[in-house]
Each structure stands twice: as structure tokens, then as C-alpha cells.
Protein chains: 2
Amino acid sequence: MRSYGQFCGLARALDVVGDRWSMLIVRELLLQGPARYTDLKNGLPGIATNLLVDRLRELEEAGVVTHQDAKPPVATALFKLTPWGEQLRPIVLALGRWARPLMGKQARADHVRAHWLALPLESMLVDRSPKQRPIRIELRPMRAGKPMLLETHEGRVRVRTSDGEPADAVLSGPADVIIALLAGRIGLATARARRLRVRGHARVLRRIGPASDTRLSA
Amino acid sequence: MRSYGQFCGLARALDVVGDRWSMLIVRELLLQGPARYTDLKNGLPGIATNLLVDRLRELEEAGVVTHQDAKPPVATALFKLTPWGEQLRPIVLALGRWARPLMGKQARADHVRAHWLALPLESMLVDRSPKQRPIRIELRPMRAGKPMLLETHEGRVRVRTSDGEPADAVLSGPADVIIALLAGRIGLATARARRLRVRGHARVLRRIGPASDTRLSA
DNA sequence: CAGCATCCGCTTTGATACTG
DNA sequence: CAGTATCAAAGCGGATGCTG
């Protein structure tokens with residue numbers, strides 16, 4: 001991208017991460033941690049291969065991303081965020097929250113990846129009974145790749161890739177319905193009417209819900 | 001911009017404000033408040049007029065911006081942010097702070113506008129002696145248009161356009177030197193060596209300095 | 001297969017000129 | 001002042017091909 005050529009912090013930031021796809025690459029690295037080129041490509045449906053390469057190089061040049069060229073066990077390079085790049089996390093979260101009014105309905109043609117759910121869910125949900133035994137809910141959004149596991153941890157909610165361990169409940173269906181249900185915007189009956197399938201102990205769902213404080217925070 | 005077509009909050013946000021120039025238009029409206037087309041253009045050096053029009057329309061369509069078509073006294077339309085658009089303020093501030101490592105030196109060709117200084121200064125500085133009488137410092141960065149007035153208010157620092165009222169001190173010179181001096185990164189001697197001119201009571205400068213808490217906050 | 005590089009048609013951007 | 005109109009250049013998306 002051409003530089004804006006403005007002596008202004010925002011303009012400088014956008015010189016670095018304002019290119020098309022750049023912020024989404026940061027999102028992937030925030031969600032996936034160190035990732036291979038192919039993992040990034042899978043998490044960025046719609047990107048052209050040459051653009052992914054270009055952006056990674058630009059971000060590396062700017063100091064947002066580094067790549068390690070190959071450790072003995074894995075035969076491939078890993079891309080990761082620098083500490084400075086990591087500091088984009090609250091900004092990425094805040095932008096996602098700002099866009100919540102746009103997340104109501106999932107368009108038919110929208111791409112979905114299960115790990116994207118970690119962004120809204122972790123920043124929105126809390127465990128209402130943190131004293132009780134932790135719960136685990138497997139999330140299987142439709143056409144969204146690998147399932148994710150939502151678990152409670154010290155009052156917070158964490159979402160990570162599932163390694164197939166048994167969960168208290170399994171939710172399958174459209175991603176927007178899963179989010180609306182967990183956020184408490186719709187009930188179980190409505191969710192089922194919108195094609196959600198629930199296996200396991202549905203009552204654990206009551207354990208989690210939106211935090212009262214919805215404002216910006218680190 | 002083409003939609004990313006991803007069911008993800010960040011992607012949705014970037015569908016709205018991820019276009020080139022869009023965020024900078026938001027910056028101008030945050031800094032200027034309701035503004036005329038020409039005020040926006042002056043605050044966005046480098047933008048093409050057709051792009052400014054296109055972006056304003058897209059932002060309006062998305063619900064970030066509105067324009068009022070002409071109130072009796074002024075003969076021209078005013079553009080302003082919607083409440084939803086206003087909510088981008090902490091994000092714009094956070095991006096500007098994130099880019100602080102890039103703000104060290106001002107390139108020769110960089111555009112500067114005095115009102116841009118409000119972003120780093122207001123988010124970084126505090127009044128160290130809030131009990132004492134408020135102070136006022138006029139800022140006259142080089143080739144940066146209208147001077148701004150920095151004033152203390154209840155422990156915080158505010159920067160607004162100067163209406164020519166007398167100030168305790170007047171700082172003229174390169175914008176980066178003004179920032180570095182106020183941030184306490186350089187002393188008065190160094191600042192003078194870097195072409196800063198000070199008129200008035202330089203000692204009021206000691207009243208303000210960087211807050212200890214530099215983290216993200218609303 | 002992972003990690004690119006190259007090519008090509010299309011869209012977006014930028015610079016300038018022009019208009020009510 | 002507040003935009004339109006025009007057009008060349010740059011950027012993007014998609015396909016394909018190459019290399020270890």
C-alpha cells in the first residue's frame with residue numbers, strides 16, 4: 001500500500017496494517033498462534049496466494065510478524081506475531097465487538113471457520129458459576145472446518161481447538177445460531193427451530209452468558 | 001471495497017471501515033466534530049475528491065456517518081458521525097497509540113495538521129498539578145495549518161483549535177519535536193536544538209507529562 | 001503437498017480538469 | 001464551495017505452473 005504520508009499515529013498504523021487482508025492475517029495469527037502458510041490460507045478464505053505472500057512479507061518487514069524457518073521436528077516454516085504484533089489483540093477484539101450489529105444474520109455465501117467463534121465468544125461470555133466444576137461444550141458450526149471446544153476457566157470462557165475429548169454438550173448448526181444461543185439472545189427452542197442440534201446435557205448452557213460489562217477493555 | 005464474505009466480526013468491521021481512507025475520514029470527524037466537505041478535504045491531504053465523496057457515501061450507507069443538508073445560518077451541509085460511528089473513538093485512539101514506535105521521526109515529505117496532535121497528546125498526557133490554576137499552551141507546528149490550544153482540565157489535557165486567546169506559552173517548530181518535548185522524551189535544550197521556538201513561560205511545560213498508565217482504555 | 005512465482009482480466013485508486 | 005467526469009496507473013483475484 002502507498003503510505004498516506006501523514007505525520008499521524010492512525011495514518012502510520014494504517015500504513016502497516018491498513019492494507020486489504022493485513023488485519024485478517026493478524027487475526028489468524030492471534031487465533032492460531034504460530035501457523036504454517038497453509039493454515040493461514042485455510043483461515044483466510046478468499047485470499048489469493050500471491051497476496052498472502054506479499055502481505056506476510058510486508059508485515060514482517062514492518063516488524064509485526066516473524067517467521068522461523070524450520071525446527072527439526074516440523075519440516076515447515078512457522079509464522080508468528082512479534083510482541084508488537086501481539087499488541088494488536090485488544091484492537092482486533094474491539095473492532096469485532098464494534099461490528100456486533102452487523103453479525104445478526106449470516107449470509108448464505110458467507111465463509112465460516114469454527115475458530116473465528118473464539119473472538120466473539122471469549123470477549124462476550126462469562127461463567128456464571130465459576131465455583132462449580134468447569135464445563136466443556138463442543139462447537140460444530142456448519143461448513144466451518146474443525147470443531148472447537150469451549151471451556152470455562154476461572155470465570156472466563158476459553159475457546160480452543162477440540163482434540164476430540166468428550167464434552168458436556170455438543171452444539172451443531174449454523175454459526176449465527178450457536179452465537180445467538182450462547183449470547184442468550186435466543187432460547188433453546190428458537191435455536192432448534194433454526195436448525196441447531198444439541199447433544200449431551202443442554203442444561204450446562206445456562207452456566208455461561210454475556211458479561212454485564214460490554215465495554216472496551218484490554 | 002469488496003466484502004470479505006466472512007462471518008467474523010473483524011471482517012465485517014473491515015467491510016465497513018477497512019477501505020483506504022475510510023478510517024482517516026472517521027478520524028477527521030472525531031477530531032473536528034461536524035465538518036464541511038472542504039474541512040474534511042483539508043484534514044485529509046492526499047485524498048482525491050472523488051474518493052472522499054465515495055467514502056462518505058459508503059460510510060453513510062453503512063450507518064457510520066450522516067449529513068445534514070443545510071441549516072438556515074450556514075449554507076452548506078455538515079457531515080458528522082452517528083452514535084455508532086462515535087464508538088470507533090477508542091479504536092482509533094488505540095491504533096494511534098499502537099503506532100507510537102513509528103512516530104519517532106517526521107519524514108520531510110510528511111503532511112502535518114495541527115489538529116492531529118490532539119490524538120497523541122490527549123491520550124498520553126496528564127496534568128501533574130491538577131489543583132493549580134489551569135494552563136494553556138499554544139501549539140504552532142510547522143506547515144500544519146491553524147494553531148491549536150492545549151489546556152488542562154480536571155487533571156486531563158485537552159487540545160482544541162485556538163481562537164487566538166493568550167496562552168502561557170507558545171511552541172512553534174516541527175511537530176515531532178513538540179510531541180517529544182511534551183512527552184518528556186527530550187528536554188528543552190534538545191528541543192531548541194531541533195528548531196523548537198518557545199515564547200512565554202516555558203516552566204508551565206513541567207506541569208504536563210505522560211500518564212503512568214499507557215494501556216488501552218476507553 | 002507446502003510455499004511460493006507468474007500471468008491476465010478486472011476493479012479501485014489517484015491526479016487532474018471541469019461544473020453548478 | 002462542493003462536488004462530477006475522465007482516464008492512466010496500481011492493486012486485486014483467480015488460475016496456473018514451478019520447485020523441493
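Note that the structure is predicted; figures quoted are calculated from it, not measured.
- Salt bridge absent: Glu138(B) and Arg136(B) never bring a charged side-chain N and a carboxylate O closer than 4.0 Å.
- Per the geometry, CZ belonging to Arg36(A) stands 16 Å off C1' belonging to dG20(D), to the nearest Å.
- Arg97(B) and Gln87(A) are not linked by any side-chain donor-acceptor pair at a separation below 3.5 angstrom, with hydrogens and angles left out of the test.
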CA sep, side-chain torsions, deciding dist, call: Leu182(B), Leu150(B), side-chain contact (heavy atoms from CB on, under 4.5 Å): CA-CA 11 Å; Leu182(B) 292 173; Leu150(B) 179 157; 4.1 Å; yes
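- Nearest-nucleotide mapping onto DNA chain D: of Phe79(B) and Tyr4(B), the residue sitting toward the 5' end is Phe79(B).
- In this structure, CG of Leu44(A) is placed 13 Å from P of dG14(D), rounded to the nearest angstrom.
- For the pair Leu24(B) and Gln6(A), the minimum side-chain heavy-atom distance is below 4.5 Å.
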Under 3.5 Å, which N/O atoms of the protein pair with N/O atoms of nucleotides 13-15 of chain C?
from: dT13(C); atom 1: OP1; to: Arg55(B); atom 2: NH2; distance (Å): 2.7
from: dT13(C); atom 1: OP2; to: Arg55(B); atom 2: NH2; distance (Å): 2.6
from: dG14(C); atom 1: OP1; to: Arg20(B); atom 2: NE; distance (Å): 2.6
from: dG14(C); atom 1: OP1; to: Arg20(B); atom 2: NH2; distance (Å): 3.2
from: dG14(C); atom 1: OP2; to: Trp21(B); atom 2: NE1; distance (Å): 2.8
from: dG14(C); atom 1: O6; to: Asn50(B); atom 2: ND2; distance (Å): 3.4
from: dA15(C); atom 1: N6; to: Asn50(B); atom 2: ND2; distance (Å): 3.0

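- Asp176(B) and Arg194(B) are joined by a salt bridge, as a carboxylate oxygen and a charged side-chain nitrogen come within less than 4.0 angstrom of each other.
- Seen from the ring of Phe7(B), Arg113(A) does not count as a face-on cation partner, given the 6.0 Å and 45° thresholds.
- As a whole-Å value, the separation of Tyr37(A) OH from dA2(C) P is 11 Å.
- Taking atom CG of Leu52(A) as the reference point, atom P of dT6(C) lies 17 Å away to the nearest angstrom.
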